[in-house]
Amino acid sequence: MEKFPDTKFESVGYKKEFGFQLVEMKDLFSFKPDTKKNPFQPHRINFFAILLLTEGEMTHEVDFVEYKMTEGDCLFISKDQIHKFDKSGNYNGYGVIFTEEFMLHHLSLSAFSKISFFHNNHLNPSLFKDPGNRDLFLVALKRELSLDLGKAKADVVASMLTVFLLKTQLNTNRALQFYPNDYLQFMEFRKLVSSKYTETRTAKDYTSFLNITHKQLNKLCKEFTKKTTKEYINNYIVLEAKRKLAATNLPIKHIAYECGFSEMTNFLKFFKQITGITPKQFREIRT
């Protein structure tokens, strides 16, 4: 049984407009102890979130990694990632949350392909600092959300979100100039890894699935994630293993099998080579 409860966009409990919400952090923290909606405990989200810290400092954990945030910092968290808020910190800010449907229906493919936060978040959530851009975004967003724009509101909000992310991308010197076809091909690779990582860890197999050369696939991975094909696949498998180790009580041998390893020793060697610790040590740290 999984230890981490799922938090759905529909269950956040605030006014929902077209799959997009702006929520103040202090409102997120107003939970009842007898419910499972405890933001200070690890939970999995089924939407995208951008945390904008406007006051104080906090340590935010995403997929078992702690990120130190100070006033002005922003943190991008992807759908299906596991995170928790800092219970001891004295801070406030906003959560910009939106569904995958909102993102796909209202963000242009051209803009979407240039924003690296959407592409490497499975491996590395994006922590960035740009308080000027953030403040302009928040002021404008609050104003537009308060207006009655009818059916145009979703597109207006999406345009503001796009500008904010593109400017953040440029200001952090990580602007990526992708072509839409490259993006679609990379997304196909990501889908293949998520569905076939238990069957193969070999880059050559994925080039066959996609009918491209190893050089082409490596170029795509480096463009979108700054990692080689092999690094991307290995890190994906390790993260899935970590989630199973932390979220379930399954024997490590069983988890090894679920991650595509027929031999326990191979899984132990693989996990330690990438993380520096054994699966058992990781589980002990998390419990």
Side-chain angles (χ1 to χ4, degrees), residues 8-10 12-25 27-28 45-54 69 71-81 92-122 124-187 190 223-225:
K8 300 183 183 300
F9 181 85
E10 298 79 8
V12 174
Y14 299 94
K15 185 178 180 181
K16 296 173 283 295
E17 297 187 78
F18 47 78
F20 182 98
Q21 294 186 58
L22 176 66
V23 184
E24 195 166 1
M25 285 186 188
D27 292 331
L28 285 174
I45 59 176
N46 80 334
F47 48 86
F48 292 89
I50 305 173
L51 302 184
L52 312 173
L53 193 64
T54 57
M69 296 182 67
E71 185 176 322
D73 286 355
C74 304
L75 181 68
F76 186 95
I77 306 172
S78 183
K79 175 187 174 186
D80 294 327
Q81 291 194 293
N92 198 16
Y94 291 87
V96 176
I97 65 175
F98 49 97
T99 64
E100 187 172 27
E101 290 73 21
F102 173 84
M103 182 179 68
L104 294 175
H105 291 168
H106 299 290
L107 268 68
S108 73
L109 179 61
S110 176
F112 182 75
S113 67
K114 293 181 175 70
I115 301 170
S116 70
F117 313 136
F118 290 115
H119 314 309
N120 63 7
N121 52 71
H122 182 89
N124 292 305
S126 298
L127 179 65
F128 49 94
K129 192 179 190 74
D130 190 3
N133 182 34
R134 179 211 62 191
D135 291 344
L136 289 173
F137 172 60
L138 276 176
V139 170
L141 184 60
K142 289 178 182 178
R143 182 181 65 245
E144 298 302 328
L145 286 174
S146 68
L147 300 176
D148 183 8
L149 301 176
K151 294 182 179 179
K153 182 176 281 191
D155 291 318
V156 170
V157 169
S159 297
M160 298 174 67
L161 177 63
T162 300
V163 171
F164 170 69
L165 290 173
L166 285 173
K167 289 180 71 174
T168 300
Q169 182 85 68
L170 290 168
N171 291 342
T172 52
N173 297 317
R174 292 190 294 168
L176 306 175
Q177 302 299 320
F178 301 136
Y179 295 101
N181 287 341
D182 289 342
Y183 168 70
L184 292 174
Q185 197 164 46
F186 175 72
M187 288 301 289
R190 286 187 61 172
E223 281 181 332
F224 285 91
T225 70

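Model, not experiment: these values are computed from the prediction.
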When you compare the side chain of [Y] with that of [X], does any pair of heavy atoms fall below 4.5 Å?
{"X": "L145", "Y": "F20", "value": "yes"}
{"X": "M103", "Y": "F98", "value": "yes"}
{"X": "L161", "Y": "I50", "value": "yes"}
{"X": "L51", "Y": "M25", "value": "yes"}
{"X": "F137", "Y": "V96", "value": "yes"}
{"X": "D80", "Y": "I45", "value": "no"}
{"X": "T54", "Y": "R134", "value": "yes"}

Inter-residue atom distance [X].[atom1] - [Y].[atom2], 0.5 Å rounding:
{"X": "H106", "Y": "S159", "atom1": "NE2", "atom2": "OG", "result": "10.5 Å"}
{"X": "L127", "Y": "L75", "atom1": "CG", "atom2": "CG", "result": "5.5 Å"}
{"X": "L22", "Y": "L52", "atom1": "CG", "atom2": "CG", "result": "8.0 Å"}
{"X": "M160", "Y": "D155", "atom1": "CE", "atom2": "CG", "result": "13.0 Å"}
{"X": "T225", "Y": "F186", "atom1": "OG1", "atom2": "CZ", "result": "5.5 Å"}

Side-chain ([X]) to main-chain ([Y]) donor-acceptor, under 3.5 angstrom:
{"X": "Q81", "Y": "S78", "result": "yes"}
{"X": "R143", "Y": "L138", "result": "no"}
{"X": "T99", "Y": "F47", "result": "no"}
{"X": "K129", "Y": "E71", "result": "yes"}

| note | Heavy atoms of E144 and V156 approach each other most closely as OE1-CG1, 3.9 Å

| said: Which heavy atom of A49 sits nearest to which heavy atom of I97, and what is that distance? | reply: CB-CG2, 3.9 Å

| request: Would you please classify the geometry between the F76 ring and the F48 ring as parallel, tilted or perpendicular, with 30° and 60° separating the classes? | output: tilted

| query | Which class fits the ring pair F128 and F164: parallel under 30°, tilted 30 to 60°, perpendicular over 60°? | reply | tilted

| task | Step by step, work out the side-chain contact (heavy atoms from CB on, under 4.5 Å) result for F102 and V157. | result | CA-CA 10 Å; F102 173 84; V157 169; 4.2 Å; yes

